[in-house]
Amino acid sequence: MAQFVLAGKANCPYFAKAEFLADLLQRSLPKFNIHKICMHPNEWQQWLETTCKEHGWQHENSPMIWRELIHRGGKGMLLGGFNDFLEHVQAYYSISSDMTSELMMKIAAENLKTREICMEEEVYNQSLVKPKHIWISSALNPTCYSLIPQLFAPGVFQDTPTISLHLLDVGAVEEELQGIRMETQDLALPQLHEDGEAGEDEGENKVRKVSERYRQFGRLIEERAHKDVMVVVAGNSLVNLKCSLLLENTSSVSSGRFVAMATQLEYEARAHISQKLFVKTADVTDVIVWGNISGSYHIDLQRAKVFHYNGAIWGWSDFSQPVLEMIYDRKWLECDFMSLVSTHRHTVASKSQRATAISATNGIIAVLKAWNNNSSAEQVLSLGILSTGQYNLPAGVVFSMPVTFQHGRWSELSDVIIGDELRAKLQIAVDELREVSVGTTPQVQKSHNVL
């Protein structure tokens with residue numbers, strides 16, 4: 001079968017003549033097949049340059065015709081313009097065209113009008129779609145690869161909305177972002193409205209560079225985002241600071257729409273407790289992470305519970321016991337436990353030779369599910385939120401603390417005891433966050449505490 005592609009400007013008379021000839025061939029020859037690409041004059045030049053670059057061709061005018069050779073393992077053979085196509089058809093099929101110039105001009109005008117109507121319809125149809133826009137920075141991080149499919153899973157967003165996905169990365173190579181975009185398209189997700197990528201200038205992971213970048217992100221959110229935007233900041237460095245910088249530059253968006261994710265750290269602590277008690281990670285709940293998520297944090301077990309623990313006391317499936325009463329090894333709790341948690345990601349990365357993307361994804365999805373759906377009032381998550389004086393913490397600091405979600409809003413946990421020992425540990429985190437916020441990297445060693 002002869003497979004040809006005819007591409008050209010809608011208002012080009014020679015495209016009209018080639019189209020007329022191709023239609024004649026297709027009607028006369030059962031094994032002749034033609035695919036037409038009719039472009040608006042404003043779209044043509046960029047499309048032509050891109051297509052020629054991809055195929056290694058040189059062609060300057062409309063139309064452009066080539067023969068597909070995919071079934072033979074080839075990428076296509078360029079024939080050229082109208083005259084080249086006409087010579088090929090005359091030589092192989094002994095068919096020619098006697099279309100007059102007047103008819104060529106008339107069909108070209110009709111083609112242009114039809115193309116403009118189609119473009120107007122496309123714009124109108126696009127306006128009917130109200131997608132949920134999701135922006136992911138550091139899109140080349142391994143977490144993004146496991147996060148993207150999960151964003152489209154049932155239960156993350158109510159009513160499984162149409163999603164417009166935007167990918168950004170600092171210092172990204174365009175081909176790499178194109179790669180993840182193509183992989184996203186390969187998922188064939190019905191909710192995916194569109195996806196795009198945008199690289200940024202290369203920057204170093206320093207407080208000053210982070211400050212500049214996230215202030216700019218904040219200004220973009222202020223200018224362009226819906227006021228009900230949900231912003232989740234995750235990562236391994238300066239998480240609280242990044243969230244704080246976004247808040248400083250988005251005065252018209254409620255501070256309740258911004259959270260810094262401590263959920264991954266919380267899950268890592270639950271994993272080590274579960275191993276100690278010989279239960280599943282899901283059987284350990286209500287672990288609280290206070291403070292600077294990627295710096296001086298404090299793991300609080302005052303509310304932590306364990307289910308299905310094989311101890312002296314048993315109950316129904318919903319029966320739980322306090323973790324602090326089930327762990328008798330105080331030395332492990334005060335020393336080994338924190339060492340295990342603080343080195344957990346490095347340990348996993350060294351064994352798997354890649355970042356802890358799955359657990360980071362799980363933490364983000366857990367936050368989105370709780371935020372977008374009516375989660376249980378008893379489900380406690382640790383998140384960095386803007387302090388307004390809760391627990392006698394200084395106002396204006398993004399600080400990790402326990403929250404619950406109801407009806408799309410979070411609220412801090414009320415029944416938490418802040419004793420003198422816990423207060424002193426929280427103050428260490430406050431001092432560190434204040435030092436970072438003025439643009440200097442803390443010189444003190446990271447402090448990780450457990451109660």
Side-chain angles (χ1 to χ4, degrees), residues 1-129 174-175 178 181-182 185 193-197:
M1 177 178 286
Q3 172 79 32
F4 290 86
V5 179
L6 167 63
K9 294 189 293 184
N11 63 343
C12 173
Y14 287 98
F15 174 78
K17 192 169 185 178
E19 182 183 25
F20 184 84
L21 179 58
D23 289 342
L24 176 62
L25 287 164
Q26 196 160 235
R27 289 194 301 269
S28 305
L29 304 172
K31 293 187 177 182
F32 185 94
N33 188 33
I34 187 76
H35 173 65
K36 304 172 189 175
I37 303 175
C38 183
M39 307 289 294
H40 192 275
N42 296 338
E43 304 170 323
W44 169 252
Q45 193 60 39
Q46 182 177 357
W47 180 91
L48 177 64
E49 293 174 358
T50 301
T51 303
C52 287
K53 183 178 179 180
E54 290 177 353
H55 291 80
W57 297 337
Q58 288 186 349
H59 192 80
E60 297 180 355
N61 302 314
S62 170
M64 180 172 73
I65 303 103
W66 71 90
R67 184 171 182 177
E68 289 287 359
L69 300 175
I70 295 176
H71 63 291
R72 299 182 186 175
K75 62 180 180 180
M77 180 182 72
L78 178 66
L79 293 181
F82 171 75
N83 290 333
D84 302 293
F85 180 52
L86 181 60
E87 290 177 8
H88 179 87
V89 169
Q90 288 174 337
Y92 279 86
Y93 307 110
S94 301
I95 296 178
S96 187
S97 173
D98 57 357
M99 179 184 285
T100 64
S101 297
E102 182 180 356
L103 182 57
M104 289 166 56
M105 297 298 294
K106 181 180 179 181
I107 294 177
E110 292 176 352
N111 282 343
L112 178 61
K113 184 176 181 180
T114 301
R115 180 59 190 149
E116 289 177 342
I117 292 173
C118 290
M119 292 175 67
E120 290 175 1
E121 290 178 351
E122 289 173 5
V123 172
Y124 174 72
N125 291 334
Q126 290 287 338
S127 69
L128 298 178
V129 180
E174 183 178 353
E175 286 78 7
Q178 285 282 2
R181 179 183 183 183
M182 292 171 67
Q185 292 172 338
H193 174 57
E194 62 181 11
D195 63 292
E197 73 285 330

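Because the structure is predicted, anything quoted here is derived from the model rather than measured. Note: hydrogens, waters and symmetry copies are ignored here, and every other heavy atom, side chains too, is used.
Using a distance-only test at 3.5 Å, with no hydrogens or angles considered, a donor-acceptor pair links the side chain of H59 to the main chain of N61. Here the side chain of D84 pairs a donor or acceptor atom with the backbone of G81 at under 3.5 angstrom.
Heavy-atom minimum distance, P30 versus S28: CD-O, 3.8 Å. Nearest approach of A10 to N111, heavy atoms of both residues: O-CB, 3.1 Å. Shortest non-hydrogen contact noted between F85 and A18 is CE2-O, 3.9 Å. Taking both residues in full, the closest heavy atoms of P13 and M104 are given as O-CE, 3.6 Å, listed atom of the first, atom of the second, then distance. Listed here is the closest heavy atom pair of C52 and M64: SG-SD, 4.0 Å.
Here E110 contributes atom CD and N11 contributes atom CG; the two are 13.5 Å apart, rounded to the nearest 0.5 Å. The OH atom of Y93 sits 11.0 Å away from the CG atom of L21 when rounded to the nearest 0.5 Å. Interatomic distance, L79 CG to L6 CG, rounded to the nearest 0.5 Å: 10.5 Å.
Looking at heavy atoms from C-beta onward, L25 lies in side-chain contact with I95 at the 4.5 angstrom threshold. Two residues are said to be in side-chain contact when any heavy atoms from C-beta on lie closer than 4.5 Å; Y14 and S62 fail this criterion. By the 4.5 Å heavy-atom criterion applied to side chains, V5 and I65 are not counted as neighbours. Within the 4.5 Å cutoff, the side chain of T100 has heavy atoms near those of the L103 side chain. Inter-residue side-chain proximity for L112 and H40 is flagged as met; some heavy-atom pair is nearer than 4.5 Å. Residues F15 and K9 are not in side-chain contact: their nearest non-hydrogen atoms beyond the backbone lie 4.5 Å or more apart. By the 4.5 Å heavy-atom criterion applied to side chains, S96 and L86 are counted as neighbours. Residues P63 and E19 have side chains not in contact (no heavy-atom distance under 4.5 Å, counting atoms from C-beta outward).
No salt bridge links D98 with K17; every basic N to acidic carboxylate O contact stays at or beyond 4.0 Å. Salt bridge E43/R115: present, at least one basic N to carboxylate O contact under 4.0 Å.
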Are R67 and Q3 close enough, and set up right, to give a side-chain contact (heavy atoms from CB on, under 4.5 Å), and what steps lead you there? CA-CA 6 Å; R67 184 171 182 177; Q3 172 79 32; 5.8 Å; no

Let me see the working for L24 and R27 under side-chain contact (heavy atoms from CB on, under 4.5 Å), right down to the final yes or no. CA-CA 5 Å; L24 176 62; R27 289 194 301 269; 3.9 Å; yes

Tell me, with the steps shown, if I34 and F4 meet side-chain contact (heavy atoms from CB on, under 4.5 Å). CA-CA 5 Å; I34 187 76; F4 290 86; 3.4 Å; yes

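In this model, no donor atom of one side chain and acceptor atom of the other lie less than 3.5 Å apart for Q45 and W47.
No more than 12 heavy atoms of other residues, nucleotides or ligands sit less than 6.0 Å from atom CE of M105.
In summary, the aromatic rings of H55 and W57 are positioned with their centroids under 6.0 Å apart.
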